Amino acid sequence: MIRVAVADDHPVVRDGLRALFASLPGIDLVAEAATGREAIRAAVTTQPHVLVMDLRMPDLDGVAATTEITRIAPAVAVLVLSMFEDDDSVFAAMRAGARGYLIKGASQEEISHAITTVAAGGAVFGPGVARRMLSYFAAPPPTATEQPFPELTPREREVLDLIAAGLPNATIAARLGLAGKTVGNHISTIFAKLQVATRAEAIVRARDAGLGRG
């Protein structure tokens, strides 16, 4: 039996996946989560073979949750099932350690095949996601600069580097000796200067510039 957990903040999505898995032989739904932190807890406590992860969730987004699961429960394969297929979301999830990425609306057969594949150690991408990845890797790498994001202050660049490394705000605050509110203010300023709306977008921009790899 392939042990599966589901993390999605929409009850309708969880209901649909629960019904799907109940109809599939060889798949056992062992946990459900409605937030990113609940997803991490489910990964640690139930040790599923596959965790089906949404990206937009309260308290901790799917990218940050995937990063943490990859760190503390590396045997759990994260399969993203999201309504977003933009480059930022796809590549942020891949860099966080997701082993597959499907778009909501994928057929039951596609979801079943993806779960079986990632549980066996493979990787699966929906057709649109695969095309984006091929285009991305076919493009020439960005030209390196001595000082990425010159519009940021040294402290803001330091915070961005830790965000790109997948660290949550509390850990960043502890590492830099800052108050949590101060870190939050820095992040708001960084988002405004980089003209990004989400943490996932910031991670992609930062890692493309070479941050978060130290």
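Treat the numbers as computed from the prediction; the structure is a model and nothing was measured. Computation of the quantities below employed the complete heavy-atom set of this structure, encompassing side-chain atoms and omitting hydrogens, waters and symmetry-equivalent molecules.
Residue Q195 places its CD atom among 12 or fewer non-hydrogen atoms of other residues, nucleotides or ligands, all under 6.0 Å distant.
One distance of note links CG of L167 with CG of D161; it measures 9.0 Å at 0.5 Å rounding. Note that the CD1 atom of I190 and the CZ atom of R155 stand 11.0 Å from one another [nearest 0.5 Å]. Taken to the nearest 0.5 Å, the CG atom of L81 stands 8.0 Å off from the CD1 atom of I103. One finds the CD1 atom of I172 at 9.5 Å from the CG atom of L178 (value rounded to the nearest 0.5 Å). In this structure, NE2 in H186 is found 11.5 Å from CG in N169, a value given to the nearest 0.5 Å. To the nearest 0.5 Å, the span separating CG on L211 from CZ on R207 amounts to 9.5 Å.
Counting all heavy atoms, side chain and backbone alike, T70 lies closest to A96 at OG1-O, 3.1 Å. Residues R157 and L152 come closest through the heavy atom pair NH2-O, 3.0 Å. The two residues T66 and A93 come nearest to each other via the heavy atoms CG2-O, 4.5 Å. Here the closest heavy-atom approach between residue Y101 and residue F84 is recorded as OH-O, 2.6 Å. In terms of heavy atoms, A34 sits closest to P58 at O-CD, 3.7 Å. Scanning both residues, V80 and A98, for their nearest heavy atoms gives CG2-CB, 3.8 Å.
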Please report, to 0.1 Å, the donor-acceptor pairs under 3.5 Å made by any side chain of residues 49-56, with sequence neighbours excluded.
residue: H49; atom: ND1; partner: R3; partner atom: N; Å: 2.8
residue: R56; atom: NH2; partner: S89; partner atom: OG; Å: 3.4

Contacts table for residues 4-20: side-chain donor-acceptor under 3.5 angstrom, sequence neighbours left out:
residue: D8; atom: OD1; partner: H10; partner atom: N; Å: 2.8
residue: D8; atom: OD1; partner: H10; partner atom: ND1; Å: 3.4
residue: D8; atom: OD2; partner: K104; partner atom: NZ; Å: 2.8
residue: R14; atom: NH1; partner: D8; partner atom: O; Å: 2.6
residue: D15; atom: OD1; partner: R18; partner atom: NH1; Å: 3.0
residue: D15; atom: OD1; partner: R18; partner atom: NH2; Å: 3.2
residue: R18; atom: NE; partner: E32; partner atom: OE2; Å: 2.6
residue: R18; atom: NH2; partner: E32; partner atom: OE1; Å: 3.0
residue: R18; atom: NH2; partner: E32; partner atom: OE2; Å: 3.2

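Between L162 and L176, the closest side-chain pair of non-hydrogen atoms falls below 4.5 Å. Taking 4.5 Å as the limit, every side-chain heavy atom of M1 sits out of range of all side-chain heavy atoms of I27. The closest side-chain heavy-atom distance from F149 to E156 is not below 4.5 Å. Side-chain atoms of I187 and R199, non-hydrogen and from C-beta on, do get closer than 4.5 Å to each other. The shortest side-chain heavy-atom distance between I115 and F21 falls under the 4.5 Å cut-off. With contacts defined as side-chain heavy-atom distances shorter than 4.5 Å, the pair R99/V124 does not qualify.
Cluster note: V30 groups with no other residue, as no ILVMFWY side-chain heavy atom lies under 4.5 Å from it.
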message = Please evaluate residues T67 and R71 with respect to the criterion side chain to side chain contact (heavy atoms under 4.5 Å, CB included), reporting the C-alpha separation (whole Å), side-chain torsions for both, the decisive distance (0.1 Å), and the verdict.
response = CA-CA 6 Å; T67 298; R71 185 181 70 84; 5.9 Å; no

task = Could you give me the CA-CA distance, side-chain angles and deciding distance for R41 and E38, then say whether salt bridge (Lys or Arg N to Asp or Glu O under 4.0 Å) is met?
result = CA-CA 5 Å; R41 190 178 310 116; E38 287 181 6; 5.1 Å; no

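No continuous path of ILVMFWY side-chain contacts below 4.5 Å connects L79 to I72, so the two sit in separate hydrophobic clusters. Residue V118 is not grouped with residue I69 when hydrophobic side chains (ILVMFWY) are merged at heavy-atom distances under 4.5 angstrom, including chains of intermediate members. Hydrophobic clustering, with ILVMFWY side chains joined whenever heavy atoms are under 4.5 angstrom apart, keeps I111 apart from V90.
In this structure, the side chain of T46 engages the main chain of A42 through a donor-acceptor pair within 3.5 Å. Judged purely by atom type and a 3.5 angstrom limit, E68 has no side-chain atom pairing as donor or acceptor with the backbone of A65. One N or O on the side chain of D59 and one on the backbone of R37 form a donor-acceptor pair closer than 3.5 Å. T116 places a side-chain N or O within donor-acceptor distance of the main-chain N or O of S112, the cut-off being under 3.5 Å.
Under 3.5 Å, the side chains of E201 and T198 contain a donor-acceptor pair of N or O atoms.
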